[in-house]
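Everything on this sheet refers to the single structure shown next.
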Amino acid sequence: MNYDPHSMHAEAFINDEEIQETLAYADKNKENDELIGEILEKARKRKGLSHRDASVLLSCTIPERNEEIYALAEQIKKDFYGNRIVLFAPLYLSNYCVNGCVYCPYHAKNKHICRKKLTQEEIRKEVIALQDMGHKRLALETGEDPVNNPIEYVLESIKTIYSIKHKNGAIRRVNVNIAATTVENYRKLKAAGIGTYILFQETYHKKSYEQLHPTGPKHNYDYHTEAMDRAMEGGIDDVGCGVLFGLERYRYEFAGLLMHAEHLEAVHGVGPHTISVPRVKHADDIDPSAFDNGIDDDTFAKIVACIRIAVPYTGMIISTRENQKCRERVLKLGISQISGGSRTSVGGYAEPEEEENSEQFDVADTRTLDEVVHWLMDLGYIPSFCTACYREGRTGDRFMSLCKSGQIQNCCHPNALMTLKEYLMDYAQPDTRRVGEALIQRELENIPKETVRNIARERLAAIEHGDRDFRF
Ligand code: SAM
């Protein structure tokens with residue numbers, strides 16, 4: 001099959017031959033200073049890069065050019081996302097799973113992991129615990145199991161989550177990371193009010209994919225790879241892509257990921273709302289060193305920088321799989337969303353002490369959400385709990401066109417400050433609050449338009465006096 005980003009067939013839009021040629025081209029040109037200079041010139045226009053051009057940057061071995069790549073990634077990050085970092089937490093509903101993914105401890109043959117599925121009452125407790133930490137945005141996670149975790153269970157759980165109003169808390173955006181499913185089910189998820197539908201490709205390499213997913217419905221590469229098209233057909237216009245780094249050669253994955261983004265743009269007019277960059281981690285019966293393609297922190301940072309340059313508008317997510325030091329480095333280079341205070345076990349928020357071995361992977365950043373918020377502010381970032389775009393219907397191409405025009409700054413910046421204000425008043429430790437209030441005062445001055453600045457000032461004062469009727 002030939003490479004065709006407009007095709008609806010996985011093997012045409014993620015075309016192995018095209019990836020192999022791209023890798024050979026990138027390797028041949030990794031020291032081609034003139035070509036790399038031209039690609040960087042193109043990248044400075046902030047319209048993104050093709051998978052070929054971006055692959056050359058990823059392979060580049062000229063130290064001065066690599067410095068330029070990092071500096072450009074940092075600048076693009078600032079231009080599109082300012083200094084805001086959006087916070088979220090994963091919520092594991094069930095670890096029942098019928099698949100055989102060899103890197104995941106939820107695989108069906110694992111008989112000693114504790115299998116759990118939350119009841120609606122248990123979900124309530126988890127959500128209250130998450131609200132008490134200050135979270136407003138969740139990513140729902142489940143294993144794939146049509147009997148234990150049917151779509152009806154996921155839909156009922158979403159309804160429960162949105163219905164819980166505890167003190168000043170509320171979960172305002174539920175993103176969903178569940179296995180590839182049908183157009184009809186995506187339609188139901190859309191109707192339930194989900195934010196982003198997230199699905200990691202794990203690997204774009206078909207043969208490796210089939211070996212890494214030897215059994216269960218996830219074995220079907222085409223069905224999995226074409227899931228985002230079905231999600232979009234079902235009306236979900238914010239989709240989140242990602243690969244699990246460590247399974248295949250990272251250059252292959254990088255090219256595949258960008259081709260997937262090109263395909264979504266070509267067919268649906270909207271690229272991925274987010275791109276995640278997880279790396280395989282130790283978990284119950286999983287040893288990451290068993291996979292040959294692990295990447296070091298320097299390579300990881302380069303990947304983040306090159307994705308940021310190649311897809312400037314996309315949100316980029318890093319989870320607590322990574323430690324504080326690694327997170328700090330890549331925040332600068334392109335990450336716009338991070339999780340904080342995460343538990344990867346089923347029921348781990350309400351009853352952390354009783355945590356049985358139901359985790360999906362070991363968490364490397366074990367700090368509380370408040371510590372993460374404090375740390376972000378010390379680094380000069382604005383921790384944001386904003387969900388306004390989604391709540392105001394700015395999703396899909398409406399979000400993308402605003403983001404691409406750089407306009408999003410005028411509403412995101414003040415909204416971030418207001419949601420931070422809510423957090424500081426309701427949940428922060430005294431020192432976090434002190435640092436945060438000072439930051440808000442400083443950052444108010446950075447709102448470019450005077451009218452917007454004045455409205456923000458008024459709203460911050462209203463929040464201070466207990467008014468919580470704003471829609472963020
Ligand atoms: N079951 C759904 C699916 O198949 O897409 C939901 C995904 S699972 C709960 C979330 C993600 O965790 C997976 O897509 C995978 O990339 C990642 N994951 C699995 N095992 C992991 C491990 N050992 N280390 C790091 N991430 C892992």
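Basis for what follows: all heavy atoms, side chains included, without hydrogens, waters or symmetry-related copies. Whatever order the structure lists ligands and atoms in, that order sets their numbers, starting from 1. Keep in mind the model is a prediction, meaning the values are calculated, not measured.
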[X] and [Y] aromatic centres sub-6.0 Å:
X	Y	answer
Tyr250	Phe245	no
Tyr209	His224	yes
Tyr204	Tyr252	no

His282 heavy atom under 4.0 Å from ligand 1: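 Distance cut 4.0 Å: His282 fails for ligand 1.
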Using a strict cut-off of less than 4.0 Å between a Lys/Arg side-chain nitrogen and an Asp/Glu carboxylate oxygen, indicate whether [X] and [Y] qualify as a salt bridge.
X	Y	answer
Arg249	Asp292	no
Arg329	Asp297	no
Arg52	Glu21	yes
Glu322	Lys281	yes

Can you tell which part of [X] has a heavy atom less than 4.0 Å from ligand 1: side chain, backbone, both or neither?
X	result
Pro278	neither
Asn177	both
Glu202	side chain
Thr142	backbone

Out of all atoms in ligand 1, which are within 4.0 Å of some heavy atom of [X]? Include the element for each.
X	result
Val280	24 (N), 25 (C)
Cys104	19 (C), 20 (N)
Lys218	3 (C), 4 (O), 5 (O)
Leu199	5 (O)

So, regarding [X] and ligand 1 (criterion: nitrogen or oxygen to nitrogen or oxygen, under 3.5 Å), is there a contact or not?
X	value
Glu141	no
Tyr92	no
Lys281	yes
Tyr103	yes

Residues which pass side chain to side chain donor-acceptor pair (under 3.5 Å) with Ser7, listed by chain and number, not counting sequence neighbours: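 Checked Ser7 against side chain to side chain donor-acceptor pair (under 3.5 Å); zero matches.
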Lys165, NZ: over 12 other non-hydrogen atoms inside 6.0 angstrom: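 Check passes, neighbour count above 12.
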Identity and distance of the protein heavy atom lying nearest atom 8 (S) of ligand 1: Gln360 NE2, 3.2 Å
Which residue and heavy atom of the protein sit nearest atom 25 (C) of ligand 1, plus the separation: Arg321 NE, 3.2 Å
Ser208: partners by side chain to side chain contact (heavy atoms under 4.5 Å, CB included), with sequence neighbours left out: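 Partners of Ser208 by the side chain to side chain contact (heavy atoms under 4.5 Å, CB included) criterion, ordered by chain and then number, come out as Thr203, His205, Leu212, Glu248.
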